[in-house]
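Starting from 1, each residue takes its place in the sequence as its number.
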Amino acid sequence: MYIKNLFIGLYEHKYLLQELVTTTVKKRYRRSVLGVVWSVLNPLLTMLVTALIFSGVFRADIENYLLYVLSGQIIYNFFVESTSVGMQSVIANSSLIKQVRVPKYIFPLASVSASCVNLLFSLPALILILLATGAKLHFAILSFVVPLFILLLFCIGCSFFLATVAIFFRDILSLYGIVTRLLFYVTPIFYPATMLSEKRAAFVKFNPMFYFVNACRAPLYQGVLPTLHQLVPCLVLAFVAIVLGSFVFIKNQNKFILYV
């Protein structure tokens, strides 16, 4: 029932959602000389630093190492950025919540959607790496939207849950950065999962981003369609995140005004 109410409320306030997303994106690039160009430069520069550090260790085992790193890193960065801003979205809009009666879940939704727009702006960096490294452009790259959409749902669910926790436990705002930093190193972004021992590989598979990075790398890096074996775990994770996150958020949202 709460999922149904969520979609009904979302439809009724679709113009507010659109305005919040537009405002968030504009605010990010306001007073920036390069504007959206930073969305291309940022992943490129970050990827180059990571590649320079780790290429001496892993380059021999991975074909087109630069593309391998970037295709994993932009996905992981989207997850971190979207859930971080989603977690802070209710607190950041506390003044609006106190003045206007709107569904509070509109704020995490808008924050994650704005991060998705930023991700789309960064995709030219991936195309540049494809062309610079001589990799072939395949039509399968268009299927990237499928795992991306599933990841978007997963991030929305996580943001609902994190935004609720952040209202009552503000320390999560600082702790989350530490958690995502640790999670980065147990996600096969700059190293191949095949190099891990059987025991460590089993441990890494408890990391949700392991599945999303693999599913997104299929079209971006390998130039093939993501398989059901890759997509099904992502769908399960997204479903659990949406159901659990929205349930926790909607059940507690009436208390938010007392704590923001």
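Counting all heavy atoms, side chain and backbone alike, Pro147 lies closest to Ala215 at CG-O, 3.8 Å. Nearest approach of Ala238 to Ile150, heavy atoms of both residues: CB-O, 3.6 Å. Taking both residues in full, the closest heavy atoms of Val213 and Pro188 are given as CG1-O, 4.2 Å, listed atom of the first, atom of the second, then distance. What you find for Val186 and Asn207 is that their closest heavy atoms are O-ND2, 3.1 Å. Considering all non-hydrogen atoms of both residues, Gln230 and Pro233 come closest at O-CD, 3.6 Å. For the pair Ala163 and Pro108, the tightest heavy-atom approach, listed with the atom from each and the gap, is CB-CG, 4.3 Å.
Under the 4.5 Å side-chain heavy-atom criterion for ILVMFWY residues, no single connected hydrophobic cluster contains both Val236 and Leu153. Note: the hydrophobic cluster containing Phe169 also contains Phe256 (ILVMFWY, side chain heavy atoms under 4.5 Å, direct or indirect links). Criterion: ILVMFWY side-chain heavy atoms under 4.5 Å apart, direct or through other members. Under it, Leu109 and Leu148 are part of a common hydrophobic cluster. Val179 and Phe210 are assigned to two separate hydrophobic clusters, defined by single-linkage of ILVMFWY side chains at heavy-atom distances under 4.5 Å. Under the 4.5 Å side-chain heavy-atom criterion for grouping Ile, Leu, Val, Met, Phe, Trp and Tyr, Ile189 is connected to Leu183 within one hydrophobic cluster.
Atom CZ of Phe161 sits in a sparse spot, with 12 or fewer heavy atoms from other residues, nucleotides or ligands closer than 6.0 Å. Counting non-hydrogen atoms of neighbouring residues, nucleotides and ligands closer than 6.0 angstrom, the CG atom of Leu228 reaches no more than 12 such neighbours. Taking a 6.0 Å sphere around CZ of Phe168, one finds it holds more than 12 heavy atoms contributed by other residues, nucleotides or ligands.
Side chain of Gln222 to main chain of Pro219: no donor-acceptor pair is present (N/O by atom type, distance under 3.5 Å, no hydrogens or angles). Under a 3.5 Å cut-off, the side chain of Arg217 and the backbone N or O of Ser71 do not form any donor-acceptor pair. A side-chain donor-acceptor contact under 3.5 Å links Tyr191 to the backbone of Tyr185. Tyr211 places a side-chain N or O within 3.5 Å of a backbone atom of Lys205 that can act as its donor or acceptor partner. Side-chain atoms of Ser113 never come within 3.5 Å of backbone atoms of Ala110 as a donor-acceptor pair (strictly under, hydrogens ignored). Here the side chain of Ser115 pairs a donor or acceptor atom with the backbone of Ser111 at under 3.5 angstrom.
Looking only at side-chain heavy atoms (C-beta outward), Tyr221 and Leu70 stay at 4.5 Å or farther from each other. Proximity of Met209 to Ile75: side-chain heavy atoms (C-beta onward) are separated by under 4.5 Å at one or more points. With contacts defined as side-chain heavy-atom distances shorter than 4.5 Å, the pair Phe154/Cys234 does not qualify. Considering only heavy atoms from C-beta on, Phe78 stays 4.5 Å or farther from Asn118 through its side chain.
Taking CD of Gln253 as the reference point, atom OG of Ser246 lies at 10.5 Å (rounded to 0.5 Å). Considering CD1 of Ile257 and CD1 of Ile167, their distance stands at 11.0 Å, rounded to 0.5 Å. Here the straight-line distance linking atom OG of Ser94 with atom CD of Gln88 works out to 12.0 Å at 0.5 Å rounding. With values rounded to the nearest 0.5 angstrom, Ile250 atom CD1 is found 11.0 Å from Lys104 atom NZ. The CG atom of Leu152 lies 8.5 Å from the CD1 atom of Ile242; values are rounded to the nearest 0.5 Å.
Of the N and O atoms on the side chains of Asn252 and Thr164, not one donor lies less than 3.5 Å from an acceptor on the other residue. Thr180 and Tyr76 form no side-chain donor-acceptor contact under 3.5 Å, judged by distance and modelled atom types alone.
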For this session: Apply side chain to side chain contact (heavy atoms under 4.5 Å, CB included) to the pair Ile91 and Leu173, showing each step before the final yes or no.
Result: CA-CA 11 Å; Ile91 296 173; Leu173 298 174; 4.3 Å; yes

Exercise. Going through the distances and angles, do Ser84 and Tyr176 end up as a side chain to side chain contact (heavy atoms under 4.5 Å, CB included)?
Worked result: CA-CA 8 Å; Ser84 296; Tyr176 190 64; 3.5 Å; yes

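Ring geometry, Phe249 versus Phe160: the interplanar angle falls from 30° to 60°, so the pair is classed tilted.
Ring centroids of Phe184 and Phe190 are separated by less than 6.0 Å, placing the two rings close together. The aromatic ring centres of Phe79 and Phe212 sit 6.0 Å or more apart.
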